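A quick note: this is a predicted structure, and the numbers were derived from the prediction, not measured. Protein chains get the first letters and strands the later ones, always in sequence-line order, with residue 1 at the start of each. The figures here come from the full heavy-atom set of this structure, side chains too, leaving out hydrogens, waters and symmetry mates.
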There are 2 protein chains.
Amino acid sequence: MILTKTSQYAVRVLTYMIQSDLRVFSAHHLIKALSIPDKYLRQLLTTLSKAGFIKSIRGREGGYVLARNPDKIRLSDIIEVIDGMERYERCLLGFPSCSDDNPCSLHRKWAPLREQMLHFLRETTLDEIRQNDITKF
Amino acid sequence: MILTKTSQYAVRVLTYMIQSDLRVFSAHHLIKALSIPDKYLRQLLTTLSKAGFIKSIRGREGGYVLARNPDKIRLSDIIEVIDGMERYERCLLGFPSCSDDNPCSLHRKWAPLREQMLHFLRETTLDEIRQNDITKF
DNA sequence: TTAAATTACTACGACGGTATAGCATATCAG
DNA sequence: CTGATATGCTATACCGTCGTAGTAATTTAA
Ligand code: FES
Ligand code: FES
């Protein structure tokens, strides 16, 4: 898997919230809507809340609301919080350094491709995703 | 990490063998040359041997020799044996199916990029790597 | 006021990738 | 032959990701 399951869940939750007309989402609602394991998603929601992507409202009639402007949230922002982006930036063969000056045998062909991938992760925003009008969550 | 450590080790071992003038490599030699954990590399060499990339010669003066024509070994062949390629072919968000007809919200932007990445893994051969003349292992 | 609805915290278990250790097996130089 | 030099096999431990479970804390509708 390119992304960990947790990152996949995180992206799915946020894209779901962003494209819905609702404002407040309970954990229960999200679990049902997205078919993500109950307790696992609850933990993740707390993480996303602490990271500032969503805001939690405790108590009866509580839930979660989006906290940041959707066009400001990039895929890489989400991944950074969950897994860290570092793993996607390193040498493909695992060497400690990676640069044009000290390349491994795959660097020449791989580095440009990796740049495209990183560009995709860093420049794709949730707002852009919403415009796809896709309802698969 | 895009590749697992085991796959990284496998590629490094084979690229090392292919660019050297030696014919037979003992596990001991490879462990020293590549700084890969002793027992772990030994296991991996057995795996690579069973998979047909190298041939093992047991007993005194034994070791491993390349078994297949270098220009026939692709990165994806190696990865397939170690981890399986499936993880690189699936939906980025983890949905069971992935196609233009049933896309997730990231499919449109991601799919073409993934194709490039798969093309890189499937079309890059060890022989091509050797021509880079890079001695970082 | 109280009970229901809701999020927060923490500990535990399952699983796969990574790494280590010991013993068994094979071959050949001498 | 025999000892030294190799590879082969299997069990175990560690760690991070994934998933489950129970309990505490918070808020508000009724
Ligand atoms: S040095 Fe290996 S990918 Fe850059
Ligand atoms: S459906 Fe998700 S990447 Fe193709």
Side-chain angles (χ1 to χ4, degrees), chain A residues 1-13 17 22-67 79 81-84 86-88 93-94, chain B residues 1-13 17 22-32 34-67 78-79 81-84 86-88 93-94:
Chain A
M1 225 151 341
I2 302 288
L3 300 182
T4 63
K5 271 201 164 186
T6 314
S7 283
Q8 292 176 342
Y9 290 158
V11 172
R12 286 173 55 197
V13 165
M17 289 176 73
L22 293 173
R23 201 182 75 87
V24 182
F25 302 82
S26 71
H28 184 73
H29 174 109
L30 293 170
I31 287 159
K32 283 291 181 63
L34 300 170
S35 305
I36 295 175
D38 188 319
K39 292 289 190 176
Y40 200 64
L41 180 54
R42 288 178 189 278
Q43 281 180 40
L44 177 56
L45 288 168
T46 302
T47 302
L48 293 177
S49 174
K50 285 182 174 170
F53 294 113
I54 56 182
K55 209 163 66 90
S56 74
I57 305 171
R58 297 180 69 161
R60 187 163 182 162
E61 305 285 289
Y64 300 91
V65 293
L66 282 168
I79 297 169
V81 165
I82 309 294
D83 306 314
E86 205 251 356
R87 72 202 304 174
Y88 302 105
L93 291 183
Chain B
M1 224 151 344
I2 302 289
L3 300 182
T4 62
K5 272 201 164 185
T6 314
S7 283
Q8 292 177 342
Y9 290 158
V11 172
R12 285 172 57 196
V13 166
M17 290 176 73
L22 294 173
R23 201 183 74 87
V24 181
F25 302 82
S26 70
H28 184 73
H29 174 108
L30 293 170
I31 288 158
K32 283 291 181 62
L34 300 171
S35 305
I36 296 175
D38 188 319
K39 290 291 189 176
Y40 199 65
L41 181 53
R42 289 178 189 278
Q43 282 180 39
L44 177 56
L45 288 168
T46 302
T47 302
L48 293 177
S49 174
K50 284 181 174 170
F53 294 113
I54 56 182
K55 208 164 66 90
S56 74
I57 304 171
R58 297 181 71 161
R60 190 165 179 163
E61 306 287 289
Y64 300 91
V65 294
L66 282 169
I78 304 170
I79 297 169
V81 165
I82 308 293
D83 304 314
E86 205 251 356
R87 72 202 303 173
Y88 303 104
L93 291 183

A.B. asks: Given the structure, check if the side chain of Q43(B) and the base of dT20(C) hold any donor-acceptor pair shorter than 3.5 Å.
C.D. replies: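 Result: at least one qualifying N/O pair found.
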A.B. asks: Could you state the atom-to-atom distance from CG of L30(A) to C1' of dT7(C) in whole Å?
C.D. replies: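 Checked: the CG to C1' distance equals 12 Å.
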A.B. asks: Output, in order, the C-alpha distance, side-chain angles, deciding distance and verdict of side-chain contact (heavy atoms from CB on, under 4.5 Å) for L30(B) and I36(B).
C.D. replies: CA-CA 8 Å; L30(B) 293 170; I36(B) 296 175; over 6 Å; no
A.B. asks: Could one point to a donor on the side chain of R42(A) or the base of dA8(C) with an acceptor on the other under 3.5 Å away?
C.D. replies: no
A.B. asks: Testing the basics here: between L22(A) and H29(A), what is the closest heavy-atom pair and its distance to 0.1 Å?
C.D. replies: CD1-CE1, 3.7 Å
A.B. asks: Please determine whether a side-chain nitrogen or oxygen atom of T6(A) lies at a distance below 4.0 Å from atom OP1 or OP2 of dC18(D).
C.D. replies: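 For dC18(D), OP1 or OP2 has a side-chain N or O of T6(A) closer than 4.0 Å.
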A.B. asks: To the nearest angstrom, how far is R58(A) atom CZ from dA25(D) atom P?
C.D. replies: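 So the two atoms are 10 Å apart, to the nearest Å.
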A.B. asks: Checking contacts here: which listed nucleotide (dA6(D), dG19(D), dA25(D)) is nearest the side-chain heavy atoms of Y40(A)?
C.D. replies: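 Of all the options, the side chain of Y40(A) is nearest to dG19(D).
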A.B. asks: Hey, does the side chain of Y9(A) come within less than 4.0 Å of dG19(D)'s phosphate (OP1/OP2), counting only N and O?
C.D. replies: yes
A.B. asks: Out of dT7(C), dA29(C), dT27(C), which nucleotide sits closest to the side chain of A27(A)?
C.D. replies: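 Nearest nucleotide to the side chain: dT7(C).
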A.B. asks: side-chain contact (heavy atoms from CB on, under 4.5 Å) between L45(A) and I54(A): does it pass, once the steps are laid out?
C.D. replies: CA-CA 8 Å; L45(A) 288 168; I54(A) 56 182; 3.9 Å; yes
A.B. asks: What verdict does the side-chain contact (heavy atoms from CB on, under 4.5 Å) test give for I82(B) and L3(B), after you've listed the backbone C-alpha separation in whole Å, the side-chain angles of each residue and the deciding distance to 0.1 Å?
C.D. replies: CA-CA 10 Å; I82(B) 308 293; L3(B) 300 182; over 6 Å; no
A.B. asks: Using a 4.0 Å heavy-atom cut-off across all strands, classify I57(A) as base, sugar-phosphate, or nothing.
C.D. replies: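 Contact class for I57(A): sugar-phosphate only.
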A.B. asks: So, does S26(B) get its side chain near the phosphate of dT5(D), meaning an N or O under 4.0 Å from OP1 or OP2?
C.D. replies: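 No, no such contact exists.
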A.B. asks: Roughly how many Å is it from CG in D38(B) to C1' in dT7(D), rounded to a whole number?
C.D. replies: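 Going from D38(B) (CG) to dT7(D) (C1'), I get 12 Å.
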A.B. asks: Of all the nucleotides listed (dT25(C), dA8(C), dA19(C)), which has the minimum atom distance to the side chain of K5(B)?
C.D. replies: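 Of dT25(C), dA8(C), dA19(C), dA19(C) is nearest to the side chain of K5(B).
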A.B. asks: Nearest-Å distance, CD1 (I82(B)) to C1' (dT18(C))?
C.D. replies: 13 Å
A.B. asks: For Y64(B) and dT5(D), give me the distance from atom OH to atom P, rounded to whole Å.
C.D. replies: 17 Å
A.B. asks: Expressed as a whole number of angstroms, how long is the span from R12(A):CZ to dC18(D):P?
C.D. replies: 13 Å
A.B. asks: Could you tell me how far apart I31(A) (CD1) and dT20(D) (P) are, to the nearest whole angstrom?
C.D. replies: 11 Å
A.B. asks: Establish whether the base of dG22(C) is bridged to the side chain of K39(B) by a donor-acceptor pair shorter than 3.5 Å.
C.D. replies: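 Under the 3.5 Å cut-off, the side chain and the base do form a donor-acceptor pair.
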A.B. asks: What do the steps show when you test F53(B) against T47(B) for side-chain contact (heavy atoms from CB on, under 4.5 Å), and what is the final call?
C.D. replies: CA-CA 9 Å; F53(B) 294 113; T47(B) 302; over 6 Å; no
A.B. asks: Measure from the side chain of R60(B), starting at C-beta and using heavy atoms only, and say which of dA11(D), dC28(C), dG19(D) lies closest.
C.D. replies: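 Given the options dA11(D), dC28(C), dG19(D), the side chain of R60(B) is closest to dC28(C).
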A.B. asks: Name the residue closer to the 5' end of DNA chain D, choosing between G59(A) and L41(A) according to the nucleotide with the nearest heavy atom.
C.D. replies: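 Upstream on the strand: L41(A).
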A.B. asks: Mind checking if K50(B) touches a base, just sugar-phosphate, or nothing, with heavy atoms under 4.0 Å?
C.D. replies: sugar-phosphate
A.B. asks: Between Y40(B) (side chain only) and T6(B) (backbone N and O only), is there a donor and an acceptor less than 3.5 Å apart?
C.D. replies: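 Checked: no pair found.
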A.B. asks: Tell me whether the OP1 or OP2 atom of dG8(D) has a side-chain N or O from T46(B) closer than 4.0 Å.
C.D. replies: yes
A.B. asks: Check the distance between dG8(D)'s C1' and L44(B)'s CG and give it to me in whole angstrom.
C.D. replies: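 Atom-to-atom, L44(B) to dG8(D), this comes out as 14 Å.
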